[in-house]
Amino acid sequence: MKQHKMTAMLLAVCTLLSFAACGEKRAPDSAVGPTASDSAADRTETCAAAQHSTEESSTSAETGAAVSADGTVTAASDSPVSQQTGPHTSVTLPAGEKRELLHRMTCLKAAGGVTGMVSAGGTKTAVSVDSGRCCIVDLAADRITAEVKLICDWERVIGINRAGTEITTLLADQYDLKVRFYDTATGKNTGSFDGWGSTCYEYWMDPADDTLYGKNSSTVCKLSHDGKETLVRRLFDPEKTEGLLEKVLPGGSLACVSYTTSAVDYGRCTALVNLNNGKERFRVYAPASDVTVTKSGLVHVYSDNLPSQQSTVCNCTVYDIQNGKQLCAFGTAAGSSPVSYADPQSRWMLLTFNDDSIYRPKSVVLCDTGSGKTETLSLSMKNAVRLNACYLPGPDCFAFALSEQKNGKSETVLYRIDPSQAKLSAAAQKPYCIGEFAQVGSALAKQRKQADAIERKYGVRILIGDEVRRIGNCSGYRMVSTEDTADPSYTPFVNTDTLNYALDHLDRKLARYPKDFFKIFMRGGYAELQILIPLRLDENGGFAAAGIAFEHNLHSCVAMEVSSISEFQNTVDHEIFHAVEYVMNRSGFSFDEDEWQKLNPAGFTYCGLDNYFKPEFNRWTVSDASDRKNAYFIRNYGCSTSMEDRATIAEYCFTECSSRNKDAYRSGSDDLKQNYPHLAAKLDAIEQQCRACFGSSYLSEIAKPVQ
């Protein structure tokens, strides 16, 4: 990216909503920076991906789960798999009943909708309906085994013990919040406690050990029948760290946390934390719509609300629960607002989707998280009011309740699912492309043909013209198409010429990368590197960006404006390196930020995106350092964040540097290694990570500068 000049100070960057973004803003006129020849290369960029934090390894407690030939699972003591102590046998159906994928049950004839549905050991489930009752249902036998009268319609069941002898409910309205316990044999209330004002505001019962837990935004507690709380783990201090405890996973030993990364002050990631020791296992640099655990591993569910009417894509990535290595990835165009349900002893996962506009169920999808294959269940959703699914602690049985409305009245219907009868098919193999449903106009037919040729040559995706508009707004930046005739800067002749040059330049740039370099972007089910070429990137506040990098729908994306060709030339390699670092992060090769910090001047701290232009940083830059041995950064923009530090170094490696022989040139990487010891050490660290992830250091393998 290129840094522009602006007449006001940088505005605060918009918080990321649906994807991680890296955007670059113009610097203020008052900024004291590099010399005139270098100032055109400066940029300020907003980055969503940040420092990688991993849990310290322990050979005794942190070993991975193993699956034997017969399917038996052996896991570490803190693994959700090992802690599931309930029955895990196949469902035994009544004599003569045929196994089928989807069985509509007849035992529950309840008026009203579902207010809660939880699982018990074996094949029992507890369902509370808004008629003020809770039914204990044996799914195998399709019969109600017990029934409890609740206080009122809005009391909902939140837990049932494995034996099915006690249920736990939550009674909540604007005046009260109570947790209550009932004996399912007698229906009598056996205890309660007032939850209002408690440190916990969400409660659940873990089916692994019949323990009642509560949580707030940062803390997990264990609760007794009298409401006494015992601290399990405080994951972070909310006064010091902006974060949110999203979910405690089955087994009670792992939690997923969504919080702001430490390298920048915006952009959320999802982290897996061990509640036994409070240490972080790994991070996924993307917000999660939902997370769950199966026998295959941690499943990260991320739904993209696409800026078109075609569909919403739900992307699921399965990670090794011990080290974060990607095991499988798949997508399904099934709907929005996904909620996942799974059993840690099974590879199966159930996804339910709602129609956001009216909050009604849209579809139910059965997923094999080991293979990435799926099957959308055939349900009549015409009269559906609400869908509330549940998993059972058994490897091959799911159930969910569907509330239907007929003739102005609602009723609840239960469905039992037998995954062994599924006829799975491969999920979406071709992730949705931003420009999938857009076509360029006839005036750009020649440029589209040229872009197609570049795509085939290097294995990337290129979007031009109106194709870039499908992304809508990227973290507050609006992509202005080169075909946007309503834009005041629209000039067809100039736009066509600049686009021609940009594609030619991009072709030459990509040719410098090692052969098949961009194929690694598709590791783990992810898609090709996607390059967007808008006319301009506008921000609501009036400050344009030269380029941004972000992840969207399994694609690593870079967008670079062509309103200024000089900006475009120096932006390509900078943005591509951000995309490279995204691949490193999700592939388990993130930079160790503590080790990276050791390569900086003593006492130095990255200053953030609003302060890098301060004169005090100039003394450490290539252009201003009095001695090359004091140069730690290419320019002061590298002082903003560690990611920008690395991206400016990577960009410099692609520049032309005059040698003592004025007729000869060398690459920037050679210049750093020969003349700047501290920058050479940083470049060496970058190349080691690149080699580990890509099999190539690539920055030192560039043959010749672009002429």
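- Every residue two or more places apart in sequence or in another chain was checked for a salt bridge (charged side-chain N to carboxylate O under 4.0 Å, His left out) with Lys373, and none qualifies.
- In this structure, the side-chain hydrogen bond (donor to acceptor under 3.5 Å, both in side chains) partners of Ser371, at least two apart in sequence or on a different chain, are Asp368.
- Take Lys325 and apply the salt bridge (charged side-chain N to carboxylate O under 4.0 Å, His left out) test, not counting sequence neighbours, and it matches no residue.
- With sequence neighbours left out, Tyr606 forms a ring pair (Phe, Tyr, Trp, His ring centres under 6.0 Å) with Phe604.
- Among residues two or more places apart in sequence or in another chain, the side-chain hydrogen bond (donor to acceptor under 3.5 Å, both in side chains) test is passed with Ser556 by Arg586.
- Here Phe521 pairs with Phe518 under the ring pair (Phe, Tyr, Trp, His ring centres under 6.0 Å) rule; sequence neighbours left out.
- The salt bridge (charged side-chain N to carboxylate O under 4.0 Å, His left out) pairs that include a residue from residues 683-695 are Lys673-Glu687, where partners are two or more places apart or lie in different chains.
- Applying the side-chain hydrogen bond (donor to acceptor under 3.5 Å, both in side chains) test to Ser696 and every residue at least two apart in sequence or in another chain returns Glu701.
- Qualifying salt bridge (charged side-chain N to carboxylate O under 4.0 Å, His left out) partners for Lys515, counting only residues two or more places apart in sequence or in other chains: none.
- Among residues two or more places apart in sequence or in another chain, the side-chain hydrogen bond (donor to acceptor under 3.5 Å, both in side chains) test is passed with Tyr319 by none.
- For Phe577, the ring pair (Phe, Tyr, Trp, His ring centres under 6.0 Å) test picks out no residue, with sequence neighbours left out.
- Considering only residues two or more places apart in sequence or on other chains, Tyr341 meets the ring pair (Phe, Tyr, Trp, His ring centres under 6.0 Å) condition with none of them.
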